[in-house]
Every structure is written in C-alpha cells, then in structure tokens.
Amino acid sequence: MIYDFQKIEKKWQNFWSVQQTFKAENQSDKPKYYVLDMFPYPSGAGLHVGHPLGYIASDIVARFKRHKGFNVLHPQGYDSFGLPAEQYAMQTGQHPAKTTATNIKRYRKQLDRMGFSFDWSREVQTSSPDYYRWTQWIFLLLFDSYYCLDDDKAKPISKLIASFEAEGNINIKANCDNNIPEFGADEWNAMGALEKEEVLLKYRLTYLSDTEVNWCPALGTVLANDEIINGVSERGGHPVTKKKMRQWSMRIGAYANRLLEGLNTLDWSDSLKEVQRNWIGKSIGASVYFDVKGHQDRLEVFTTRPDTIFGVTFMTLAPEHELVQKITTAEQRGAVENYILEAAKKSDRERQSEVKNISGVFTGAYAIHPFTKEKVQIWIGEYVLAGYGTGAVMAVPCGDQRDYDFAKHFDIPIINIFDQIDISEAAYTEKASVGLINSDFLNGLSYKKAVKRSIYALEELNAGKGTVNFRLRDAVFSRQRYWGEPIPIYFKSGIPFPLKAEHLPLKLPKVEKYLPTEDGKPPLGNAKDWAWNTVLEKVVSLDEIDNETIFPLELNTMPGWAGSSWYFIRYMDAQNEESFVGNRALNYWQDVDLYLGGGEHATGHLLYSRFWQKFLYDRGYLPVEEYAKKLINQGMILGNSAFIYRKKGTQDFISKGLIKGQKVEPIHVDVSFVNLNNELDIEKVKAWQKDFEHSNFILEEGKYIVGREVEKMSKSKYNVVNPDEICETYGADTLRMYEMFLGPLEQDKPWNTAGISGVHNFLKKTWRLFYDQEKLIVDNNKPSPEAYKILHQTIKKVTDDIERYSFNTCISTFMICVNELSALKCSNREILAPLIVLLSPFAPHFSEELWSVLGHSKSIEFEPFPLFDPYHVTETTKDYPVSFNGKMRFTLKLSLSLSIDEIKEIVINEERTQNQLQGNPPKKIIVVPGKIINIVI
RNA sequence: GCUCGAGUGGUGGAAUUGGUAGACACGUUGGACUUAAAAUCCAAUGACCAUUGCGGUCGUGCGGGUUCAAGUCCCGCCUCGAGUACCA
C-alpha cells in the first residue's frame, strides 16, 4: 500500500467535520488552554503559502495540548469589514457583503484543506450584524464612561453626573478635553439638558470633537496615526494632509500609562514591546507657562529640560497653534499668514522631506520669562509639531540642536548656560553633569538637581509644574466609509445621543453608491430613508429630534480596528444572544494562553485591543486586564520573484548571464514559469501576456535564465505560491511540516520549494515502517533496547521542543528517529504507536490514518501524549564534559538520559579530565538530585 | 541619527544553562537495484595537508579580553535587516 495522501486527507477532514472532533465545550474538568490566531481579512486573492505559517504553528500547539489533557479552545474567524471590499464595490457595483461572502467561502475551503483543528462552531465575522451588534454595544459603553484619575479607571458617566450635581467639576480629576470651564453644583443644575450633554461629551471615553485629523483625499476618509506609514496611507500609498473635522475619537490617551506599565507583565518579544513603548512615548518633564506681553493669554509649553530655562531666548509655536492669530502684531500679520498658508498646503510627506530646511517667521509678540522677567520673541516654525505636547516650545539654543540652528539662521541671541562647554559650533545636548552658569539660583547645579529645583521654583511662582507627556494621541474613530460598523448615535441640535442597547444592531443600509455624496457626506448619506426610519423606529418619539435636521443619524462608520479589538472574547461564547459574552464561558476561558500573529500590528490592533480589554475590565465586564500574556510573532514568508530583462527600447529579452554592462529593465514574470534551475519556460511567457507574444528571447547555452530576488509575497509581483498547489502535489501534511521545517517560527524566510522533497520523503519513509509493499508489517514483538532508546529520546526532545515553540528542530528529531528505526527494521507496535501520537500534531491526517490502521476506532486527537521514560534510555556512557570553576568544583552535565536515581555509576574519562584539570584529579564525587552533578575535589 | 535584531559549509538551518561546532534537510559526487527511467537504498560531502599509517592544522563577520573550555560571556569595530524619526 502506498501513501495516498490525497485519499487520506480527504477521508479524515471529512471525519473530523462529521464527528465535530474539535468542538470545545465551555465547561470541563480539564484545565483550559486557549490558542488564538490573528484572524484574516478575507481578500479576493485567497491565501498564499505565507498565511498559514502561524496557523500551522498554533494548530500544532492546539493539538499538542489536547494530547496533554487540556480542553483546548482554538477558534477562527474573519476580519471582514474593510477597504478592499468597498473599493471593489465602487468599481463593480457588487455589494461588499456579497464579495466578502464569496471570499470567505474560498478561505474556508483553503483552510479546511490544510487540516486545521479549528472549532468552526465559534466562527465570527466582524461584518455580521450578530457580531457588530456587540461592537456597537461596546461603543455605547465607552460613550457611557469617563476616566476617573483619582481611582485611575473608567467609571459610568452617571457617577460623574452625581458628582456634578453635588459639587460641580472643580474637584473632579478626570481625563478630558482641555479648557473645560469650571462650574459649581448650582451652575450645573441650572444648565439645560442639551447644555449638560455638551459638557459631558468632553468627558466621555468616546467623544466628538473638532480635531486636526489626517485626511486622505484619494481614499476620501480620515486615518488614524497607525494607518499612515512614512506620510502616506498604509492602504494604497496615497498622500495625507491635515484637516480640521468634527470626528469621533477614543480616549486611549487616558490609558497611556497603564498600557505602558502593562507591558512589563507580558511575555511578548522585546522588540514588539519596545515598539509599543515608543509609540506611547512617555516623557517626564515640566509644563511651563509664559505670560504673553500685552495679552491675557498664557503660553503653555512642555519641556523635558526645565533645568535649561535660563537658556531660553525665544519661543516657537506650531503654525496651527491657536494663539498665533491672537498675538500676531499688525506689522507681522502679512508674513505670518503667508507662512501658515504655505505650511497648510504641504502634505505630511513634504514636511518630512524638508526636515533640514529651516523656516519660520516672527509674530511680533513677546513672552515674559517667568524668572528673569525679560521679554523673549515669539516665533512660529514648522519644526514645532502641532500634535505633540502643547504645540509650542521654549527654545533653548545652547541645549537643543534644532533651536540652535533656528537661532543661528534668524540671528537670534544665544545664551550659554553650560560651564566650560564650547557652543560656538553646536548645541550641547548631553545631560551629563556639567554645572550650570548664567542661571541664577540654578548655577553650579548638576542636571538632576537643577531639574528638581527648577520645577519647585516654577510651582512656587505658579508658572509651571512637573508633568508627564505622552506621544500617544487619542484615536480618531470616524471613517467616511460604507463597509464598516454604523455608529449607533443620533443627533438632536447637533448633540449626540446613544441608541438604546435593545435597539442594536443598527444595521448597514443598502445604498446605490458607495462613494461619498455630492455635498461631501459619507456614503451613508446616500441612505436618507434608512436614517429617518431608523430614528423613527428606535428613538422614542419624534420630539426627541430636531425638525431641522436633515440627517438625524451618525453617518460615519467605525474604523477597521473596532471589530478586531474584542473578537477573542466573542470566541468564548460566539452564539450568545443575550450578551457579548456569557459569564460562565468567560469565567472558564478567562484569557488567551497563546496568541500568534504578525508583529506589524504592534501599534494598531495590539494596542487598541489592549485598550478595550482594560476598559471592559474597569467596567467590570472582564476578569483580567491583559488578554494575551504570551504572544509570538511569526515571521513572514517572502516570495522568490523571477525577473526577465528587456533591453532598453527593444522587445529583446536577454538571459541573465548575458547582460554584462547592457542597459536593461527587469520585469517580473510569474514564478510558476520557472523551474528549480531558474530556467524560463518561454512558451508559457508568450502565452501569458500579449506584450510578450512577439518578443525575442536571447538565450545562453540554449536556456533563458531568470534573475531572482526575495520580496514580499504579492499578487502584483507574480511571486505568489498557492498552498492548494502544494497540497495537490505533496499533500497537506507535507506542506505543514515543510513550513515548520523552513526555519525558526519568528524569522522571516523566503519560500523555496527546493527542500520540500526531504519532508515528503520522511513521511513516505515513516509509512514504510508500517507497510511493506501491500502488507501491513506491524508486529507485536518486544522491541529491542535500542528501539526503546530511540523512541524515548524522541519523546523527550519533541516534548521539550514543542514547549519552546521550536518546531523546526522537532521535525529534525522525527527524521533522525525514523532513520534509526528503519535501520533497525523496527516495526513493533509498542514503538510505532507512541511515535504516531508524537507526530500527529504535525501531520494529523497521516497519523489518524495509521492510528486507525493499528486498529483504534477513536480519533488519535485525544490520545495522551507519550511520556518520556528515562528507564528506557539506558546507555549513557557518552563522555560528558567536565567543567571547572574557580571553587574547585566540577560540573558534570547529563544531556538526556537518566534521572539521578537511576545512576549506578559514574565513570570519568581519566585522560580527558587530566587534560582539563592539568593535574588536579577529582577526589570525591557527590551526586545531587537534578540535572547537574557536582564533583568536589 | 536613535532603538531592536542578526552575521555559522554550496543552500535552509542545528548546537536549551559556556562543554566533541556544522545535527537534520536540500544540493553535489560516487555506487547498488533496473533494458532504461522513476522509486528506493548505501557511501562521501567545512577548508587545507596527509591519505599503502589509522592522522594533523585551521575554522562560527573582524580585533582584543575573561575561562581548563567561547558560536555562546565582556569590550571595541564592520556588515546586513527591521522599526522609528524635527517628540521639545
């Protein structure tokens, strides 16, 4: 009988599906284990071989844990709201729901073919109303909350209202909008309902405000900071500009410190934690208030170097700073407005590319130095960013290179405050302990002391205070798009009100067009009837809304990250119609034990989901503050692109070896046209695209050799390899093992089919331990000691390797094991049965088949994982290295082998020991339980 | 510029706390079985020297150091990759 993987894989996939083998129960006496994959966006292109890498790894862990006696939750679903489906809809008029459904079907088929042990009864789709109903519910809960700084947690807004009624807002410490006027209880109680709502909006965790947003004209929508890479949109690479718009935001800033501190409790990679730390960007320093000469307003700046305050010779504001208009003098107005206009025109990218250009303009106004009382010029300059700190800096040219360059360029005075330091060429930016000079009461003090003293002095004068500043901005939550969750909000006189939870879901309407309306409203503006009907149906009475309003409903939708910020909770209890998750399920599953996914989500999904988790925890809906203590970022599988070379201006394509110095342009060709020796199938290329039909291919030694380059796998680079093809030729089990064998899980690696035969041969070789031609040759004889030794060494190594997620070495171990068993011609049931169990997480179909061949009727899945038995690993005569550390002590290490109790005798290789000890032989041997044996001499 | 990774045969990569570097696989070469091919099996495969003496020398990016012992630890460089960037 040959190894017919096609037949076997079909058979067992069908079996698992019919038996519902992988359905997890929400209660069990077994300990729980929750293995989570980052769910995919179902794109039109389908899966390529890179996508399953993480799923294979998590599937191995899931299956391993089932063998180890855990009740395993291993779900899968789809992040199915998103831009590509919407853009496709714009082009073709097809409803995104339809294309999404088609894509999901295709994904499912591909996933099933690889034999994953997902519990599909828990599938979620973020675009399904049953799911986004609860996304909307969480939005409403955020709307119903504020962040209390006294207790450092989110609380119901009703508590805030109660405080306002009792004592106004004077003593309230909350994370909220800036510039909220103070009011007492009487004033609050005297306010009208709408007025109160307007105040509350400034405290809510999701709130509407006029904010400077990243506007992407090409996509017709705003974008969050993490959706912009190098000044252009992540999707499509379109330019992004600044625009002021009334938008929903999420007060993630309230959680900045907890998100930062929480990282210390997580077992995530250092690099990923570092990315989040940088993104949160905590800096400790001081706020300093400068009076503006001749104005009431005070100018607030943030600095990390309050110790350098006596070096201030000017101030710089961002062009967008709100005080600019107020304080600019008549003579300077023209120049200032020109400058602002020029700055506004530029995209983020242009600004970034002009970093080295120094530009700025004097406002004509002066600030008063809080200590010296001298007046300092106030400038505006692009180098100050509106979005960081207060959008204004106190410029200390002697201590900051940018201020220094600016001062030199505009001939502004520079004061040196550093003792013995030459600042004629550049600023002194070190924090090293040089004494200060020209600094009044700070003279002679070191950095640390001066910082302390200056903050103290500022506070005394009421001219500043110690502050912590975060780079993390509140997250813009509105998107001017169709294919996203509708925001469950209606308006009355411009004030937002929440729909009631029992009225959810607020479903997406059908629209004719997916583009924004002609008057610039989001796509949902095309659904006027929907908006009115919804409001009539769901809001108590018509009086509740303003007659004047044309669109009483919120027309923006939620961003892509909304649905993905809590899907891992929904999996615990995906069918629940009463609540976003049931208490019993939640108490049982608690959190994710292992999360696997790409590191590219560090500043997006992985931050936002932590934020929502903490919020839901604060409000008492979740039991833990971090949902995934252990995270592994699988590396990317890269494509191995193939190139042909067109001679400039001709239709001649030159084989790679013949290019020499000629001018050629490389053109991607589909990798399937190229064989393992990089020879091109010219006929296929000619048939592929019209352009090449009459092209001339210049060969070397009768062949056209292509160039190769490793790039990201993508359709446009024609380097995509479809897992279906591999399953067709080698089978899913080979694909699974090969992807793991390619290299360490967390490393990026190019796809290369060259080595796949090795893994396939391994399976065939294992098969031959069971079958000789047609005959099953498994016997019930007593295995030899050698066979036991091989098996138990394998058990030990495979178990250890899975537990440290080193799957590539596991596979090597299997190969050694099977090679050795073949050499012994060992086909004993007592050896083969446990071996098949070991192998089953990696090659599940293969193992199930052989398991049933051995006469078992139940699925191998729940068979206990074989335990390592040191008794079977007898010969340990290997000579162990002996080490000597200064305390006259030797450490003798045993690699696998025996537990200490089993050791009868230790033989020390005299010659070797003598060599290493240079004439100090051991005198006494003490055996201590554990792995290390100490020999004291 | 800053932060974090990584540099090991022809290739992918092993070497868990310092302990026989190169496991395992691909590739290559030779051989067996075959009319032949496929499939399968066996042997060799870091470099150099010696191979009718079984061995020897050098080897983990470079230069130092610690240690009986360094791919692994420390110091100083080089190269590559990833992220990030006027963050006050």
Side-chain angles (χ1 to χ4, degrees), chain A residues 2 229-231 269-275 277-279 281-283 285-286 288 301-305 308 315-316 318 351-352 354-358 381-385 387-396 399-403 405-406 429 469-472 599-600 602-603 635-636 676-677 737-738 741-744 746-750 752-759 761-762 764-765 768 797 800-801 803-804 806 808-819 822-823 878-886 890-893 895 912-920 931-932:
Chain A
I2 56 148
I229 314 280
N230 295 328
S269 75
D270 288 337
S271 62
L272 192 117
K273 288 203 260 189
E274 197 60 25
V275 170
R277 280 192 194 106
N278 291 337
W279 189 260
K282 183 178 185 172
S283 28
V288 187
V301 300
F302 174 76
T303 177
T304 53
R305 297 295 304 274
T308 63
M315 314 286 291
T316 315
R351 277 206 187 187
Q352 277 175 25
E354 289 169 16
V355 162
K356 292 283 168 279
N357 292 347
I358 296 163
E382 270 193 282
Y383 82 97
V384 177
L385 304 174
Y388 184 77
T390 61
V393 300
M394 56 176 227
V396 183
D400 182 288
Q401 194 55 44
R402 291 155 306 168
D403 297 344
D405 296 339
F406 196 87
T429 55
N469 191 50
F470 291 95
R471 197 187 88 116
L472 183 69
E600 69 273 14
T603 56
M636 227 189 309
L676 285 177
N677 299 323
M737 294 196 80
Y738 185 58
F741 187 64
L742 271 175
E746 303 192 52
Q747 194 174 298
D748 287 349
K749 45 213 167 249
N752 175 7
T753 329
I756 200 163
S757 63
V759 172
N761 282 341
F762 158 75
K764 288 199 278 189
K765 206 165 180 180
R768 283 200 301 274
K797 188 123 203 313
D800 288 352
D801 285 351
E803 273 165 2
R804 62 189 181 102
S806 177
N808 53 334
T809 54
C810 273
I811 292 168
S812 296
T813 309
F814 284 127
M815 287 175 173
I816 296 168
C817 174
V818 168
N819 282 343
S822 313
K878 208 173 156 187
D879 100 65
Y880 294 100
V882 174
S883 86
F884 173 75
N885 66 29
F890 300 89
T891 307
L892 201 147
K893 232 163 96 176
S895 56
R912 191 183 172 83
T913 314
Q914 289 292 338
N915 267 341
Q916 286 174 340
L917 303 182
Q918 294 171 337
N920 287 316
K931 274 193 178 174
I932 308 277

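Sequence lines set the chain letters: A, B, ... in the order given, protein chains first and strands last, and positions in each chain run from 1. The analysis underlying the following values was restricted to heavy atoms, covering all of them including side chains, and did not include hydrogens, waters or symmetry mates. Treat the numbers as computed from the prediction; the structure is a model and nothing was measured.
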Undergrad: Please measure how far the P atom in B:G30 lies from the corresponding atom in B:G13, and state the result in whole Å.
TA: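 Result for the P pair: 29 Å, nearest Å.
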Undergrad: Mind checking A:Val301 for me? I need base, sugar-phosphate or nothing, with any heavy atom below 4.0 Å counting as a touch.
TA: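 No contact at all - A:Val301 keeps every heavy atom at 4.0 Å or more from the nucleic acid.
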Undergrad: Taking the same atom, C1', in B:U66 and in B:G76, what whole-Å distance lies between them?
TA: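 Between the two C1' atoms, the distance is 15 Å.
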Undergrad: Which string of ( ) [ ] | and . matches RNA chain B, if you list each base 5' to 3' and count Watson-Crick or G-U pairs only when both distances are under 3.5 Å?
TA: (((((((..(((......[....)))((((((.......))))))((((.....))))..(((((..]....))))))))))))....
Undergrad: Among B:U40, B:G83, B:C86, which is the nearest nucleotide to the side chain of A:Lys764?
TA: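 Nearest to the side-chain atoms of A:Lys764, counting from C-beta on, is B:U40.
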Undergrad: Rounded to the nearest angstrom, tell me the gap between atom CG in A:Asp748 and atom P in B:C80.
TA: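 Whole-Å distance recorded here is 18 Å.
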Undergrad: Heavy atoms only, 4.0 Å cut-off, all strands: where does A:Asn808 land among base, sugar-phosphate and nothing?
TA: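 The answer is sugar-phosphate, as A:Asn808 gets under 4.0 Å only of primed atoms, P, OP1 or OP2.
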Undergrad: Rounded to whole Å, how long is the line connecting atom CZ of A:Arg305 with atom C1' of B:A88?
TA: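 Distance, rounded to whole Å: 11 Å.
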Undergrad: Please produce a list of atom pairs where a protein N or O lies less than 3.5 Å from an N or O of nucleotides 25-29 of chain B.
TA:
from: B:A25; atom 1: OP1; to: A:Asn819; atom 2: ND2; distance (Å): 3.1

Undergrad: A:Arg471 has a side chain; which of B:U16, B:A85, B:A14 sits nearest to it?
TA: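 The closest nucleotide is B:A85.
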Undergrad: Mind checking if A:Pro750 touches a base, just sugar-phosphate, or nothing, with heavy atoms under 4.0 Å?
TA: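 No contact.
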Undergrad: Between B:C4 atom C1' and A:Asn278 atom CG, what is the distance in whole Å?
TA: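 Rounded to whole Å, this separation is 9 Å.
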Undergrad: I want to check something: taking the side chain as every heavy atom from C-beta on, are A:Arg402 and A:Asp405 in contact at a cut-off of under 4.5 Å?
TA: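 Side-chain contact under 4.5 Å: no.
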Undergrad: May I ask you to verify if any side-chain N or O of A:Arg768 is less than 4.0 angstrom from the OP1 or OP2 atom of B:C41?
TA: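 A:Arg768 to B:C41 OP1/OP2: side-chain N or O found under 4.0 Å.
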Undergrad: Starting from P on B:A88, measure out to CG on A:Asn469 and report it in whole angstrom.
TA: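 It works out to 8 Å between those atoms.
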Undergrad: To the nearest angstrom, how far is A:Lys282 atom NZ from B:A88 atom C1'?
TA: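 It works out to 18 Å between those atoms.
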Undergrad: Which nucleotide wins on minimum distance to the side chain of A:Arg804, given the candidates B:A14, B:A15, B:G83?
TA: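 Closest nucleotide among those given: B:A15.
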Undergrad: Shortest non-hydrogen contact from A:Cys810 to A:Asp801?
TA: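 That closest heavy-atom pairing would be SG-CB, 3.4 Å.
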Undergrad: Would you indicate whether the side-chain heavy atoms of A:Tyr383 and A:Ile358 approach each other to under 4.5 Å?
TA: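 Counting from C-beta outward, A:Ile358 and A:Tyr383 never come under 4.5 Å.
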Undergrad: Under the side chain to side chain contact (heavy atoms under 4.5 Å, CB included) rule, what do A:Arg804 and A:Thr809 come out as? Steps first, then yes or no, please.
TA: CA-CA 11 Å; A:Arg804 62 189 181 102; A:Thr809 54; 4.3 Å; yes
Undergrad: Let's see if you can work this out: which of B:U3, B:A15, B:C41 has an atom nearest to the side-chain heavy atoms of A:Glu274?
TA: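 Out of B:U3, B:A15, B:C41, the nucleotide with an atom closest to A:Glu274's side chain is B:U3.
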Undergrad: For residues A:Val818 and A:Ser822, determine if any side-chain heavy atom of one lies less than 4.5 Å from a side-chain heavy atom of the other.
TA: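 Heavy-atom side-chain distance check passes, below 4.5 Å.
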Undergrad: Taking atom C1' in both B:G61 and B:G71, compute the distance separating them and give it to the nearest angstrom.
TA: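 Straight-line distance between the two C1' atoms is 12 Å.
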Undergrad: Using a cut-off of 4.0 Å on non-hydrogen atoms, how would the nucleic acid contact of A:Gln401 be classed: base, sugar-phosphate, or nothing?
TA: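 Since no nucleic acid heavy atom lies under 4.0 Å of A:Gln401, the category is nothing.
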Undergrad: If the P atom of B:A15 is compared with that of B:A32, how far apart are they to the nearest Å?
TA: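 Rounded to whole Å, the distance is 38 Å.
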Undergrad: In whole Å, what is the span from the CE atom of A:Met737 to the C1' atom of B:G12?
TA: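 Spelled out: CE on A:Met737 to C1' on B:G12 is 16 Å.
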Undergrad: How far does the C1' atom of B:C77 sit from the matching atom of B:U11, given to the nearest Å?
TA: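 Straight-line distance between the two C1' atoms is 29 Å.
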Undergrad: With syn defined as a glycosidic torsion within 90 degrees of 0 and anti otherwise, which applies to B:G9?
TA: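 Syn, angle within 90° of zero.
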Undergrad: Can you give me the closest heavy-atom contact between A:Ala395 and A:Thr316, atom names plus distance?
TA: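 Between these two residues, the closest heavy atoms are CB-OG1, 4.3 Å.
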Undergrad: Between B:U60 and B:A14, how many Å separate the two C1' atoms, rounded to a whole number?
TA: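 One C1' to the other, the span is 13 Å.
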Undergrad: Considering only atom P, compute the distance from B:C73 to B:U57 and round it to an integer number of Å.
TA: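 That atom pair is separated by 28 Å.
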Undergrad: Who are the ring-ring contact (aromatic ring centres under 6.0 Å, His included) partners of A:Tyr388, not counting sequence neighbours?
TA: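 Applying ring-ring contact (aromatic ring centres under 6.0 Å, His included) to A:Tyr388 gives none.
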Undergrad: Any side-chain N or O of A:Arg277 under 4.0 Å from OP1/OP2 of B:U3?
TA: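 So the side-chain polar atoms of A:Arg277 never come under 4.0 Å of the phosphate oxygens OP1 or OP2 of B:U3.
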Undergrad: Restricting to non-hydrogen atoms, name the atom on A:Val275 and the atom on A:Ala602 that form the minimum distance, rounded to 0.1 Å.
TA: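 Minimum heavy-atom contact is CG1-CB, 3.7 Å.
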Undergrad: Looking at every non-hydrogen atom in both residues, tell me the closest pair between A:Met394 and A:Thr308 and how far apart they are.
TA: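 Smallest interatomic distance, heavy atoms only, reads CE-OG1, 4.1 Å.
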Undergrad: How many Å lie between CG on A:Asp801 and C1' on B:C24, as a whole number?
TA: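 Value for this atom pair: 12 Å.
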Undergrad: Taking for each residue the nucleotide of RNA chain B bearing the nearest heavy atom, is the 5' side occupied by A:Phe302 or by A:Gln747?
TA: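 Result: A:Gln747.
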Undergrad: Sort out for me which residue in A:Val301, A:Val393, A:Thr390 forms a side chain to side chain contact (heavy atoms under 4.5 Å, CB included) with A:Val384.
TA: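 The passing option is A:Val393.
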Undergrad: Closest approach of A:Ser812 and A:Phe741, non-hydrogen atoms and distance?
TA: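 For A:Ser812 versus A:Phe741, the nearest heavy atoms are OG-CE1, 3.8 Å.
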Undergrad: Are A:Met815 and A:Val759 side-chain neighbours, meaning at least one heavy-atom pair lies under 4.5 Å?
TA: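 A side-chain contact exists here, since the closest heavy-atom pair is under 4.5 Å.
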Undergrad: Within the structure shown, what part of the strands sits under 4.0 Å from A:Leu742 by heavy-atom distance: base, sugar-phosphate, or nothing?
TA: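 Sugar-phosphate contact only.
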Undergrad: Please state how far atom CD in A:Glu746 lies from atom P in B:A82, giving the value in whole angstrom units.
TA: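 In whole Å, B:A82 P lies 18 Å from A:Glu746 CD.
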Undergrad: Pick the C1' atom in B:G53 and in B:G5, then give their distance to the nearest Å.
TA: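 Roughly 50 Å separates the two C1' atoms.
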